[in-house]
Amino acid sequence: MTSKGLADAFRAHTLNLHHKIVDFNALNSIPESHAWKPQGFDHYPTRGGDPEAVPIIDLTEENAPELIGHACKKWGVFQVINHNISKSLLDDVEMEGKRLFSLPMDQKLKAARLPNGVSGYGVVRISRFFPKCMWSEGFTIADSMVEHASQLWPNNYQKFCDTIEECKKEMNNLAHRLMWLMLGSLGITQKDIEWAGPNGKVEGGDDALQMNSYPACPDPDRVMGLAAHTDSTILSIIHQSNTSGLQLIREGGSVWITVPPHPGALVIHVGDLMHILSNGLYPSVLHRAIVNRTQHRLSVAYFFGPPVSVKVSPIKKLVDECHPQLYRPITWSEYLGIKSELFDKGLPSLRLCSSQSRFTDVNGDDY
Ligand SMILES: O=C(O)CCC(=O)C(=O)O
Ligand SMILES: [Fe+2]
């Protein structure tokens with residue numbers, strides 16, 4: 001699969017990022033541009049190690065489908081273990097990420113993302129919606145990575161490309177499996193989605209891999225690694241290594257809950273397009289990343305979506321007189337455009353009915 005479609009979709013929505021990347025190694029205090037407090041970045045308290053923790057689901061367990069359905073409804077997020085992606089591959093990806101981000105700044109800038117591009121090195125795309133810069137740097141791979149990798153390591157880029165290619169392939173297989181498990185627990189089968197090909201494979205589906213680097217920070221409470229957002233995907237798979245930092249808010253909740261790193265586990269986010277497909281039954285999870293005083297944190301996010309130009313709409317089986325269609329049909333390409341204009345108002349702007357009614361899904365579970 002190539003992700004040309006996705007790269008083109010992003011290219012159509014040029015971002016005027018006023019935020020410039022800084023060399024975190026050269027800083028020993030927090031510049032004004034990066035100081036989110038004393039203004040404060042949110043009003044929610046934080047809690048970790050809560051008895052109600054993000055579910056960890058063993059994909060080899062018989063009841064995994066039901067647990068996934070339940071987690072999607074109640075949390076919009078879960079962790080998976082025994083997912084078939086080898087530890088050695090994840091370790092290799094992490095090592096390649098560390099190798100990349102530890103390059104000197106002028107070397108990294110040779111692979112800088114162009115203003116109308118999606119791939120390459122730079123600040124996160126959502127930066128433009130915030131007055132302050134984030135304490136992070138990123139590297140995005142949506143189309144061919146050879147060009148950027150050879151700018152970083154002119155004579156030594158093959159290992160990076162091979163590792164990332166393998167990781168994207170494995171994550172794509174897992175994303176398909178998870179998508180059908182998530183939809184399956186709503187009673188949806190492959191026949192219910194026109195753009196699903198034989199064997200449930202999303203023909204021409206698009207994806208991207210995002211490496212995030214959060215340098216250690218002398219005063220972590222005053223900065224933000226990655227500001228709160230939902231992912232514009234069907235689903236996302238996050239490898240967050242062994243350093244905590246990922247936090248989320250449950251639908252209707254009012255505290256940030258830390259997702260503790262669990263050995264070998266991958267974090268799965270319900271994305272905005274899955275929220276639309278499920279006609280609102282699955283909330284897309286609001287999440288952010290905070291940073292650490294002593295440890296550099298690396299995360300790898302795999303973004304999975306449909307072919308960029310097919311119309312995604314609430315699945316017909318989930319719509320009837322009692323459950324009106326909540327969102328208008330939209331292509332991923334159009335949605336990325338809307339998100340890059342309206343950010344958190346993007347999803348609500350597609351809503352057809354404003355009233356927040358209570359739902360019951362096909363299994364009779366309350367939502
Ligand atoms: O760093 C993390 O754990 C989260 C990354 C993320 O949310 C993203 O890249 O969209
Ligand atoms: Fe995210």
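These numbers come from the heavy atoms of this one structure, side chains and all, not from hydrogens, waters or symmetry mates. First listed ligand is number 1; within each ligand, the first listed atom is number 1.
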Answer yes or no on whether [X] is positioned over the face of [Y], meaning its NZ or CZ is under 6.0 Å from the six-membered ring centre and within 45° of the axis.
X	Y	value
R351	Y327	yes
R99	W153	yes
R222	W36	no

Distance alone, cut at 3.5 Å: any donor-acceptor contact between the side chains of Y282 and S185?
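Short answer, yes.
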Which atom pair, heavy atoms only, marks the closest approach of N212 to A301?
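What the structure gives for the nearest pair is ND2-CB, 4.5 Å.
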Mind listing the N or O contacts between ligand 1 and protein, cut-off under 3.5 Å?
residue, atom, partner, partner atom, Å
ligand 1, 1 (O), Y214, OH, 2.7
ligand 1, 1 (O), R297, NH1, 3.1
ligand 1, 1 (O), S299, OG, 2.7
ligand 1, 3 (O), R297, NH1, 3.4
ligand 1, 3 (O), R297, NH2, 2.8
ligand 1, 7 (O), H229, NE2, 3.3
ligand 1, 7 (O), H287, NE2, 3.0
ligand 1, 9 (O), N212, ND2, 3.0
ligand 1, 10 (O), H229, NE2, 3.1
ligand 1, 10 (O), D231, OD1, 3.4

In this structure, is the centre-to-centre distance between the rings of H176 and F304 below 6.0 Å?
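Between F304 and H176, the centre distance is under 6.0 Å.
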Hey, which protein N/O/S atoms does the Fe ion (ligand 2) have under 2.8 Å?
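For the Fe ion (ligand 2), the protein N, O and S atoms that sit under 2.8 Å away are H229 NE2, D231 OD1, H287 NE2.
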Walk me through it: do T163 and E166 pass the test side chain to side chain donor-acceptor pair (under 3.5 Å)?
CA-CA 5 Å; T163 306; E166 178 69 10; over 6 Å; no
Side-chain heavy atoms under 4.5 angstrom apart, residues restricted to Ile, Leu, Val, Met, Phe, Trp, Tyr: same cluster for V146 and F160?
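Shared cluster, yes.
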Parallel, tilted or perpendicular, judged at 30° and 60°: which one describes the rings of F343 and F129?
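The arrangement is parallel - the two ring planes meet at less than 30°.
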